[in-house]
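Beneath this line is the structure, given in structure tokens, with notes to follow.
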Number of protein chains: 2
Amino acid sequence: MEDKNRYRRMLKKENLRNTSHRQSILEALEASEEPVSAETLYLTLREKGISISISTVYRALDVLVEKDIVAKTDFTDNNKSLFEIKREEHRHHLVCVKCRKIIPVKECPFYEYAGELEERFGFSITGHKLEMYGYCQKCGGSPGKTGD
Amino acid sequence: MEDKNRYRRMLKKENLRNTSHRQSILEALEASEEPVSAETLYLTLREKGISISISTVYRALDVLVEKDIVAKTDFTDNNKSLFEIKREEHRHHLVCVKCRKIIPVKECPFYEYAGELEERFGFSITGHKLEMYGYCQKCGGSPGKTGD
DNA sequence: CTCCTTAATGCGACTGATTCGCATTTGCAT
DNA sequence: ATGCAAATGCGAATCAGTCGCATTAAGGAG
Ligand SMILES: [Mn+2]
Ligand SMILES: [Mn+2]
Ligand SMILES: [Zn+2]
Ligand SMILES: [Zn+2]
């Protein structure tokens, strides 16, 4: 219930109306540990008994991405975009090229590197995306720690 | 002319036939400093007087990506994929969100970080993509060095 | 060089994710 | 409560990318 108010504030700050659909979408995104497609999100909402149109899902996601509340990523292969709510600590992903599993990674080693590039290219970096591809443990990954 | 032989060898190694279209495509990709869309590539080839079909461009790119000779990237915004030949040193990109300029960056600060993640998640990393977004110098970037 | 097998290509039809137009509803400021 | 702009629903439209199938052209064997 307090998330509801947080979302309201976020939307307000961006001059977006606080609609029940946007609330539901933010809630569903927050609940998902992995990035989700517009269609998956749509189906999830419908299962919860929420009557919404797929166009609305796309439009809501668009505006949330534009306002930097949601991150949109196009992983290669699968032709659909995936969406993820932006959290305290932004995330990167390990994507298994075999089973398509996506593991979120919270660390970001890029800040100092970014500063260096900004100076070199006279470029002002406002964001970045990093996706790593390979094989998960089940599909033939390295035998490293099981993630303890 | 010696590139032609290099391409032939690359194709042969992957059991791909050495067709004139694939040669032209590799040549055009090599000549481009920036990633290009299938359509741009298609038009470039046509301008050179090469008669080719857009399906063939897509099919050639697909197989080259599959064989790890070409890198495919989906930059956000513009809904088309961009393609780039894989060079000695793989590249990342600075993308200006205003004018869409793409600056290639050759450094990759990523290798040791990758090793760490592999061990932690039992994941075997075979590749990665890193794209950075922001404003180029012309569009309001940092006043850093002009790239000397 | 000639033949043969099969990959590669052209072309048009098709797909499927995303977008759009427009009529209707809803949020929200006054 | 009222009015207006923003948001939504629904179907139509877009358009990058894919596919089927008939035709061409690599390139290996002889
Ligand atoms: Mn990061
Ligand atoms: Mn790298
Ligand atoms: Zn896997
Ligand atoms: Zn720019």
Side-chain angles (χ1 to χ4, degrees), chain A residues 4-5 7-26 28 35-46 49-67 69-83 100, chain B residues 4-5 7-26 28 35-46 49-67 69-83 100:
Chain A
K4 229 165 190 161
N5 285 308
Y7 298 148
R8 192 214 317 286
R9 270 180 261 121
M10 294 171 68
L11 293 168
K12 177 109 189 196
K13 192 166 83 175
E14 301 295 347
N15 284 349
L16 297 176
R17 289 188 180 173
N18 175 241
T19 69
S20 63
H21 285 156
R22 284 174 183 160
Q23 286 278 340
S24 307
I25 285 171
L26 288 168
V36 292
S37 68
E39 194 192 1
T40 300
L41 182 52
Y42 169 72
L43 293 174
T44 302
L45 295 175
R46 294 239 125 192
I50 294 164
S51 166
I52 189 173
S53 134
I54 186 75
S55 319
T56 300
V57 173
Y58 276 110
R59 279 191 282 228
L61 289 171
D62 277 357
V63 73
L64 293 172
V65 167
E66 191 187 319
K67 299 302 189 182
I69 294 168
V70 165
K72 174 180 179 178
T73 305
D74 295 275
F75 293 86
T76 43
D77 192 44
N78 185 355
N79 43 328
K80 310 183 185 177
S81 298
L82 300 187
F83 301 85
R100 290 283 128 195
Chain B
K4 229 167 190 156
N5 285 309
Y7 298 148
R8 192 212 317 286
R9 268 179 265 121
M10 293 170 70
L11 294 169
K12 178 109 189 193
K13 192 166 82 175
E14 301 294 345
N15 284 347
L16 297 176
R17 288 187 183 176
N18 175 240
T19 69
S20 64
H21 284 157
R22 285 175 181 160
Q23 285 279 339
S24 308
I25 286 170
L26 288 168
V36 293
S37 68
E39 193 191 1
T40 300
L41 182 52
Y42 169 72
L43 293 173
T44 303
L45 295 175
R46 294 240 124 190
I50 295 165
S51 167
I52 188 174
S53 136
I54 186 75
S55 319
T56 300
V57 174
Y58 276 111
R59 278 190 282 227
L61 289 172
D62 277 357
V63 73
L64 293 172
V65 167
E66 190 186 319
K67 299 301 190 182
I69 293 167
V70 165
K72 174 179 179 179
T73 306
D74 295 275
F75 292 85
T76 43
D77 194 45
N78 185 357
N79 43 326
K80 310 182 186 179
S81 297
L82 299 186
F83 300 85
R100 290 283 127 196

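Order of the sequence lines fixes the chain letters, A, B, ..., with proteins taken first and strands second; residue numbering starts at 1 for each chain. Reckoned from all heavy atoms, side chains included, excluding hydrogens, waters and symmetry mates.
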Atom-pair distance ([atom1] on [X]; [atom2] on [N]), nearest Å:
X: B/Asp62; N: C/dT9; atom1: CG; atom2: C1'; answer: 14 Å
X: B/Leu41; N: D/dG17; atom1: CG; atom2: P; answer: 12 Å
X: A/Glu66; N: C/dT19; atom1: CD; atom2: P; answer: 12 Å
X: B/His21; N: D/dA26; atom1: NE2; atom2: P; answer: 9 Å
X: B/Tyr58; N: C/dG12; atom1: OH; atom2: P; answer: 17 Å
X: B/Arg22; N: C/dA7; atom1: CZ; atom2: P; answer: 11 Å
X: B/Lys4; N: D/dA26; atom1: NZ; atom2: P; answer: 12 Å
X: B/Tyr42; N: D/dA16; atom1: OH; atom2: P; answer: 13 Å

Exercise. Let me see the working for B/Thr40 and B/Lys80 under side-chain contact (heavy atoms from CB on, under 4.5 Å), right down to the final yes or no.
Key: CA-CA 11 Å; B/Thr40 300; B/Lys80 310 182 186 179; 5.9 Å; no

Exercise. Would you mind building the protein contact string for nucleotides 22-30 of chain C? One character per nucleotide, 5' to 3', B for base within reach (heavy atoms under 4.0 Å), S for sugar-phosphate only, - for untouched.
Key: ----BBSS-

Self-check item: Closest non-hydrogen atom pair, B/Tyr58 against B/Ala38
Solution: CE2-CB, 3.5 Å

Quiz item: What nucleotide among C/dA17, D/dA16, D/dC10 has an atom nearest to a side-chain atom of A/Ser53?
Solution: D/dC10

Practice problem: Check each of A/Gln23, A/Lys12, A/Lys4 against A/Asn18 using the side-chain contact (heavy atoms from CB on, under 4.5 Å) test, and report the only one that passes. | Solution: A/Gln23

Quiz prompt | side-chain contact (heavy atoms from CB on, under 4.5 Å) between A/Leu16 and A/Val63, worked out | solution = CA-CA 9 Å; A/Leu16 297 176; A/Val63 73; 3.6 Å; yes

Self-check item: Which residue lies more 5' along DNA chain D, comparing B/Phe83 with A/Ile54 via nearest heavy atoms
Solution: A/Ile54

Hey, does [X] reach any base, or is it just sugar-phosphate, or nothing, if we go heavy atoms under 4.0 Å?
X: A/Ile52; answer: sugar-phosphate
X: B/Ser81; answer: sugar-phosphate
X: B/Ser37; answer: nothing

Quiz item: Taking the side chain from B/Arg22 and the backbone from B/Arg17, do they hold a donor-acceptor pair closer than 3.5 Å?
Solution: yes

Quiz item: So, A/Ser53 side chain and A/Ser55 main chain: donor-acceptor pair closer than 3.5 Å or not?
Solution: yes

Quiz item: Does a side-chain heavy-atom distance below 4.5 Å link B/Leu64 with B/Leu26?
Solution: yes

Quiz prompt | Phosphate OP1/OP2 of C/dG10: any B/Thr56 side-chain N/O under 4.0 Å | solution = yes

Practice problem: Nearest-nucleotide wise, let me know which of B/Ser55 and A/Asn79 is further upstream toward the 5' end of DNA chain C. | Solution: B/Ser55

